Amino acid sequence: FLAENSSGCDFAIVEVYPGMDSIYTQYIIEKLKPAVIVPYDRSGNVETYTDFKNEIEKKYPSVKVQYAEYPGERLSFNEN
């Protein structure tokens with residue numbers, strides 16, 4: 001629905017987990033064209049976030065990945 005009714009979005013929050021097939025994330029990137037992706041893992045596994053960030057930013061250089069390393073941490077994004 002969103003992909004058909006939007007030309008893009010500022011950010012997307014996607015669920016990630018170890019060994020995840022990234023087809024879901026690829027679909028979001030290609031259809032919604034987010035500038036920033038914020039991954040979340042219900043377990044809070046920071047290694048999963050790091051692996052995800054490296055994979056996505058290598059494959060899609062125009063997309064930035066930001067994540068909280070510590071519970072309760074705030075994220076800020078300034079487009080320069």
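None of these values were measured; they are calculated from a predicted model.
- Closest heavy-atom contact between P34 and I28: CD-O, 3.7 Å.
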Could you walk me through whether Q26 and K59 pass side chain to side chain contact (heavy atoms under 4.5 Å, CB included), step by step? CA-CA 10 Å; Q26 290 175 18; K59 191 168 188 174; 3.0 Å; yes
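- Here the CD atom belonging to E15 is positioned 11.0 Å from the CZ atom belonging to F52, to the nearest 0.5 angstrom.
- Shortest non-hydrogen contact noted between E30 and K33 is O-NZ, 3.0 Å.
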Between Y27 and L32, is the side chain to side chain contact (heavy atoms under 4.5 Å, CB included) condition met? List the steps. CA-CA 8 Å; Y27 176 83; L32 298 179; over 6 Å; no
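- Closest non-hydrogen pair, Y49 versus Y40, comes out as OH-CA, 3.4 Å.
- Of the possible donor and acceptor atoms, one in the side chain of E57 sits under 3.5 Å from a partner among the backbone N and O of V65.
- Residues meeting the side chain to side chain contact (heavy atoms under 4.5 Å, CB included) test with F11, sequence neighbours left out: I13, V36.
- Annotation: the span from I37 atom CD1 to I56 atom CD1 amounts to 5.5 Å, rounded to 0.5 Å.
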